[in-house]
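Contents: one structure, followed by commentary.
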Amino acid sequence: MPSRCWSFSAVQASKIRESEFSGSLEFPSFRICTPLFSKRSPNPQRISFRSGSLPFKDFKRLSIDCKVETSSMDRAAGVSVAESEGYLKVDQIGERASELKNLSDLVPPNLASELVPEALAWASTHGLVMGDKSIENSGKVPGVGLVHAPFCLFPTPFPAEAFEHAIDLAPLFNKLVDEVSKDGNFLQETLERTRKVDPFTNRLLGIHSRVSEEGIKQEVQLGMHRSDYMLDKATDTLFQVELNTISSSFAGLGSQVSNLHGYMIRHVERSTNMDAKQVPENTAADAFAEALALAWQEYKNQSAVVLMVVEPGERNMYDQYWLAIKLYESYGIRTIRKTLSEIYAQAHLSKDGALYIQEELVAVVYYRTGYSPTDYPTDFEWEARLLVEQSSAIKCPSISYHLAGTKKIQQELARPGVLERFLQGKESIEKVRSCFAGLWGLEGEGSTEIINKAIENPDAFVLKPQREGGGNNLYGHDIRDRLLELREKDGGIGLAAYILMQRLFPVPHTSYLVRGGVWSFEETASELGIFGAYLRNAETEILNKAGGYLLRTKVSKSNESGVAAGYGVLDSVYLL
């Protein structure tokens with residue numbers, strides 16, 4: 001009879017002793033998994049089992065040969081289980097998602113050391129690479145100075161329920177960003193105090209005001225977002241960390257690391273009982289390529305190209321090339337790469353507002369830079385950004401989408417009653433609000449109390465400026481020092497440049513981290529990013545879906561997790 005996986009939950013661990021691998025147990029619910037069928041039955045079942053292969057006390061799941069005795073089953077599904085031999089995985093009761101065993105516990109260091117070269121070879125031959133900063137031109141010329149992207153040797157356990165919840169949230173956040181972007185007054189008013197003390201936000205708002213006054217030349221809105229979450233250990237709750245609406249990175253390499261982990265698990269499946277099928281397929285690169293292609297089609301000019309706006313000396317170019325190559329191979333659409341300074345030097349608008357880079361007509365502009373003040377070293381870069389925004393090219397993101405992803409907007413949306421302004425349906429609103437951590441503005445009435453709390457107990461908070469990318473947030477004593485400084489200077493006006501967020505303490509694990517060909521065994525923490533793709537033409541919604549995921553894992557003592565910034569490594573989830 002073909003092998004099946006009988007996955008049972010709510011098992012009393014005390015009922016199974018290491019030396020007693022025979023008997024019977026009752027299960028209040030169970031899930032049958034076959035290649036074509038997955039169904040959860042609410043009916044109590046009794047399982048008779050004969051022999052065990054692993055000590056129950058040492059593993060999250062126990063594999064045993066089993067016989068299933070059942071009096072009721074959904075026959076219409078075409079699955080009969082009475083008196084069937086199968087493969088059973090038994091889960092301990094009482095273990096929350098935050099208490100799952102580490103997959104690294106199943107792989108001893110000597111075996112990990114042997115497997116690292118296999119992983120490095122796979123990464124090198126499958127494009128899981130970055131530019132090597134020690135090699136000249138590594139970020140300028142493709143193929144020069146390659147090094148593998150940092151990664152976990154094995155995936156990190158993650159509860160399937162929390163993962164699916166994050167996936168379900170993606171279309172809601174896609175819609176939320178779009179609705180917020182339509183409300184120019186909300187964007188301007190919410191960021192008004194911030195712009196007075198943050199020149200970067202002021203310049204972005206200035207572009208938004210100007211193009212709004214001149215009239216928007218492009219009604220097509222393209223969003224390629226990533227919403228980041230942490231599973232908080234204290235509350236066992238999935239909280240949103242931030243929502244990225246510009247330059248959401250690692251859709252390309254993130255897809256590859258999931259494939260790497262499937263490959264690595266197959267090396268140890270027999271000895272560890274890991275299952276490569278528990279690593280979900282990651283379609284982030286395909287989803288983003290599809291979104292770009294659909295936007296390009298809406299422009300309705302077969303000769304136009306996609307313009308990818310990049311940093312000079314971009315070491316993370318291969319994550320970007322994954323999308324560009326998929327776009328050409330799957331849809332026949334060409335991509336050109338330019339920096340903001342090159343756009344300033346080479347771009348012009350036609351009389352009808354079409355954007356040209358020299359002689360190339362641009363249908364879609366996809367930003368992989370432009371989110372930090374350092375991306376605009378001169379006024380030329382700002383003029384390039386304005387020129388693109390004034391054009392009829394489809395922008396990803398438009399200036400309104402960019403502003404909708406700022407920290408201050410995130411904090412404002414968490415205030416009571418604000419979500420109702422943009423989303424419809426009580427269930428949708430409650431689902432989005434349930435993932436909001438504590439968020440507080442530091443200006444205006446009522447801010448004194450939260451500022452005092454943060455000064456007294458800074459370890460309970462994160463202080464965030466209006467910045468994207470790693471290395472910007474403040475923690476611990478740095479929060480106290482900065483708040484005291486801001487409160488005393490110029491009557492506290494500088495506080496408007498920041499927000500406070502409840503500090504989350506993610507579930508700890510132990511992992512093998514691989515950087516620069518060298519592995520280490522570390523206590524780690526992870527952050528889950530869910531990609532979302534959205535496309536709207538005027539009032540017609542064309543695309544709205546989740547588009548794959550990214551898990552970033554860091555050493556637990558590190559506050560930041562950005563991979564490109566050097567804090568984290570690429571990872572994937574192992575669903576439990």
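For this chain, numbers begin at 1 and follow the sequence in order.
In summary, Asp228 and Arg552 engage in a salt bridge, as defined by a charged side-chain N under 4.0 Å from a carboxylate O. Under the 4.0 Å criterion applied to side-chain N and carboxylate O atoms, Glu329 and Lys326 are not assigned as salt-bridge partners.
Of the N and O atoms on the side chains of Ser209 and Gln188, at least one donor lies less than 3.5 Å from an acceptor on the other residue.
Taking the ring centre of Tyr321 as origin, the terminal cationic atom of Arg337 falls inside the region bounded by 6.0 Å and 45° from the ring axis.
By the 4.5 Å heavy-atom criterion applied to side chains, Leu307 and Tyr366 are not counted as neighbours. Looking only at side-chain heavy atoms (C-beta outward), Arg334 and Glu360 come within less than 4.5 Å of each other.
Using cut-offs of 30° and 60° on the angle between ring planes, the pair Tyr376 and Trp382 is parallel. Using cut-offs of 30° and 60° for the angle between ring planes, the Tyr356 and His348 rings count as parallel.
More than 12 non-hydrogen atoms from other residues, nucleotides or ligands lie less than 6.0 angstrom from CD of Gln346.
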Inset, instruction - Report the C-alpha distance between Ser247 and Tyr371 in whole Å, list the side-chain angles of each, state the deciding distance to 0.1 Å, and finish with yes or no for side-chain contact (heavy atoms from CB on, under 4.5 Å). - result: CA-CA 7 Å; Ser247 188; Tyr371 53 83; 3.5 Å; yes
Hey, can you pull the donor-acceptor pairs under 3.5 Å for the side chains in residues 407-418, sequence neighbours left out?
{"from": "Lys407", "atom 1": "NZ", "to": "Glu242", "atom 2": "OE1", "distance (Å)": "3.1"}
{"from": "Lys407", "atom 1": "NZ", "to": "Arg467", "atom 2": "O", "distance (Å)": "2.8"}
{"from": "Lys407", "atom 1": "NZ", "to": "Glu468", "atom 2": "OE1", "distance (Å)": "3.4"}
{"from": "Lys407", "atom 1": "NZ", "to": "Glu468", "atom 2": "OE2", "distance (Å)": "3.1"}
{"from": "Lys408", "atom 1": "NZ", "to": "Gln411", "atom 2": "OE1", "distance (Å)": "2.6"}
{"from": "Lys408", "atom 1": "NZ", "to": "Glu443", "atom 2": "OE1", "distance (Å)": "3.3"}
{"from": "Lys408", "atom 1": "NZ", "to": "Glu443", "atom 2": "OE2", "distance (Å)": "2.7"}
{"from": "Gln410", "atom 1": "NE2", "to": "Val241", "atom 2": "O", "distance (Å)": "3.2"}
{"from": "Glu412", "atom 1": "OE2", "to": "Arg415", "atom 2": "NH1", "distance (Å)": "2.7"}

Show me the side-chain donor-acceptor pairs of residues 428-435 shorter than 3.5 Å, one per line, residues at least two apart or across chains.
{"from": "Arg433", "atom 1": "NH1", "to": "Glu420", "atom 2": "OE2", "distance (Å)": "3.2"}
{"from": "Arg433", "atom 1": "NH2", "to": "Glu420", "atom 2": "OE1", "distance (Å)": "3.0"}
{"from": "Ser434", "atom 1": "OG", "to": "Lys431", "atom 2": "O", "distance (Å)": "2.7"}

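Under the side-chain contact (heavy atoms from CB on, under 4.5 Å) rule, Gln390 has a single partner from Gln218, Arg385, Glu214, which is Glu214.
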